[in-house]
Amino acid sequence: MTPPVVLTVAGSDSGAGAGIQADLKVFAALGVYGTSVLTAVTAQNTREVRAVFGVPAEMVTAQLRTLTEDLPPVAVKTGMLGDAEVADAVAGAARAGLLPNLVVDPVLVSTSGARLGVVEAIERLLPYALVATPNRAEAAAILGRTVSGTDEMAEAARQLAAGGPRYVVVTGGDVDGSGLATGGGEAFGGAVDALCTGTEVRLLRRPWVPTRNSHGTGCSFSAAIAARLALGDQVPDAVAFAKEYVTRALLGARTWSLGSGHGPLDHFRWSDAAPGGGGSASSSGSGSSRGSGPSSTGR
Ligand SMILES: Nc1ncnc2c1ncn2[C@@H]1O[C@H](COP(=O)(O)OP(=O)(O)O)[C@@H](O)[C@H]1O
Ligand SMILES: Cc1ncc(COP(=O)(O)OP(=O)(O)O)c(N)n1
């Protein structure tokens with residue numbers, strides 16, 4: 001069967017844990033045909049982002065036009081955009097109807113602290129998003145206030161949804177269920193995200209996986225949402241699937257030793273990494289919206 005085409009518009013991570021490389025791995029793992037528009041090249045490993053080189057906006061437009069003429073996507077995700085000119089180029093394509101089922105992951109700063117984007121660029125694209133997936137820090141930067149506990153995450157999701165995207169997931173991979181920063185190696189109450197559907201906010205909770213190999217969780221999450229939208233899921237189901245997928249990909253990589261910093265997820269061995277069976281990351285689902293489980297399409 002011909003797979004649906006899914007496009008990622010993002011930066012290159014030379015270490016392949018995040019960015020274009022992670023997105024394409026997620027697409028392959030979930031059975032869709034991935035295409036890519038490169039917005040920037042980073043010199044990056046598991047420890048740091050050493051250099052960033054932006055692709056000119058005209059070249060981003062050329063990639064978008066060339067691809068969408070021949071391989072029109074069924075769903076699209078954006079990651080690192082770099083500057084506002086690149087965001088304008090992508091927004092132009094969205095306005096022209098070339099980027100259906102658009103998932104915007106507002107990448108601003110890497111885990112290691114490097115700046116990968118600006119709020120102004122994100123703001124230009126958010127009105128065209130079907131789904132936006134900011135983490136707590138990104139939501140805070142866009143809204144201009146702190147977003148700490150789950151109540152504030154829910155409120156931030158509601159506020160961002162009122163300003164453009166139909167659905168917003170504020171992710172909290174770095175906090176436990178009661179909103180305390182984790183930071184250590186212990187499992188707390190769960191990795192909690194807040195999904196605003198436009199009418200309500202649902203808290204999605206899966207086990208928090210204690211691992212250093214967590215580089216690229218945000219990229220992988222948004223890529224999985226886009227893949228599942230292309231396969232026909234409704235947004236809440238796509239989001240629930242993506243959360244489960246990331247949990248399993250984190251579990252799959254717990255024993256990996258790739259690089260000396262924050263290593264990548266195991267994007268491919270997720271279908272046999274059952275959450276709850278993974279050491280201290282016991283199941284703590286509550287209040288979550290669950291779609292069909294990842295194992296339904298696992299290889
Ligand atoms: N250690 C972890 N254990 C379980 N889930 C996690 C962990 N880290 C991140 N996640 C999940 O991964 C997804 C991406 O979130 P997050 O890591 O907050 O994004 P970002 O990489 O943009 O900071 C969310 O569903 C989040 O809950
Ligand atoms: C090229 C590139 N794009 C995005 C990121 C950040 O990835 P993300 O998944 O949002 O973040 P972490 O999970 O690594 O915090 C990146 N580093 N490089």
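Order of appearance sets the numbers: ligands from 1, and atoms from 1 within every ligand. One is the number of the first residue; the rest follow in order along the sequence. Being a predicted model, the structure only gives us computed values, none of them experimental.
- Assignment of T247 to the shell around ligand 1 is not supported, since no heavy atom sits closer than 4.0 Å.
- Between the side chains of T146 and S148, no donor-acceptor pair of N or O atoms lies under 3.5 Å.
- Considering backbone and side-chain atoms together, T171 places an N or O closer than 3.5 Å to an N or O of ligand 1.
- Counting only non-hydrogen atoms, the option in H262, Q44, H215 that gets closest to atom 14 (O) of ligand 2 is H215.
- The number of heavy-atom neighbours closer than 6.0 Å to CZ of R115, taken from other residues, nucleotides and ligands shown, is above 12.
- Remark: distances from the non-hydrogen atoms of G216 to ligand 2 include one below 4.0 Å.
- For K243, the closest heavy-atom approach to ligand 1 falls below 4.0 Å.
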For residues 50-58, which side-chain N or O atoms pair as donor and acceptor with protein atoms under 3.5 Å away, sequence neighbours left out?
residue : atom : partner : partner atom : Å
R50     : NE   : E48     : OE2          : 3.0
R50     : NH2  : E48     : OE2          : 2.6

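- At least one N or O atom of T217, backbone or side chain, sits closer than 3.5 Å to an N or O atom of ligand 2.
- Between S14 and N45, every side-chain heavy-atom pair lies at or beyond the 4.5 Å cut-off.
- Under 4.0 Å from ligand 1, heavy atoms of W208 appear from its side chain as well as its backbone.
- Against a heavy-atom cut-off of under 4.0 Å, S12 is close to the following atoms of ligand 2: 1 (C).
- Among G79, G173, A242, the residue whose heavy atom lies nearest to atom 9 (C) of ligand 1 is G173.
- Here the shortest heavy-atom distance to atom 22 (O) of ligand 1, taken over N135, V109, V170, belongs to N135.
- Of all protein heavy atoms, the one lying nearest to atom 17 (O) of ligand 1 is T217 OG1, 2.7 Å.
- For E138, no nitrogen or oxygen atom sits less than 3.5 Å from a nitrogen or oxygen atom of ligand 1, counting backbone and side chain alike.
- Judged by the shortest distance from any of its heavy atoms, P207 lies inside the 4.0 Å radius around the atoms of ligand 1.
- Nearest to atom 16 (C) of ligand 2 by heavy-atom distance, out of T111, N135, L116, D23, is L116.
- Within the 4.5 Å cutoff, no side-chain heavy atoms of L204 are placed close to those of V192.
- With no hydrogens or angles considered, no side-chain donor-acceptor pair links T111 and H215 at under 3.5 Å.
- Protein heavy atom at the shortest distance from atom 7 (C) of ligand 1 is L250 CD1, 3.4 Å.
- Close contacts between ligand 2 and G218 involve ligand atoms 9 (O), 13 (O) [criterion: under 4.0 Å to a heavy atom].
- Residue-level proximity to ligand 2 for C219 is carried by backbone and side chain together, each with a heavy atom below 4.0 angstrom.
- Looking from atom 5 (N) of ligand 1 to the surrounding protein, the closest heavy atom is A191 CB, 3.4 Å.
- Contact annotation: G173 has no heavy atom less than 4.0 Å from any atom of ligand 2.
- Of the N or O atoms in D193, one or more lie within a sub-3.5 Å distance of an N or O in ligand 1.
- Atom numbering of ligand 2 starts at 1 in the shown order; those under 4.0 Å from a heavy atom of S214 are 13 (O).
- To the nearest 0.5 Å, atom CZ of residue R166 and atom CG of residue L102 are 12.0 Å apart.
- Residues satisfying the side chain to side chain contact (heavy atoms under 4.5 Å, CB included) test with D83, not counting sequence neighbours, are E85, V86.
- Taking both residues in full, the closest heavy atoms of A227 and F27 are given as CB-CD2, 4.3 Å, listed atom of the first, atom of the second, then distance.
- With respect to E200 and R202, a salt bridge is recorded, a charged nitrogen being found less than 4.0 Å from a carboxylate O.
- Of the N and O atoms on the side chains of S222 and K77, at least one donor lies less than 3.5 Å from an acceptor on the other residue.
- Between the choices V209, T133, V246, the shortest heavy-atom distance to atom 11 (C) of ligand 1 belongs to V246.
- The closest side-chain heavy-atom distance from P207 to T247 is below 4.5 Å.
- At a cut-off of 3.5 Å, with distance as the only test, no side-chain donor of R228 or Q234 sits close to an acceptor on the other residue.
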Take E69 and R65 through the test salt bridge (charged side-chain N to carboxylate O under 4.0 Å, His left out) and record every step on the way to the result. CA-CA 6 Å; E69 275 171 22; R65 288 208 182 124; over 6 Å; no
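- On a distance-only criterion, V192 and ligand 1 share no N/O pair closer than 3.5 Å.
- Protein heavy atom at the shortest distance from atom 21 (O) of ligand 1 is G218 N, 2.8 Å.
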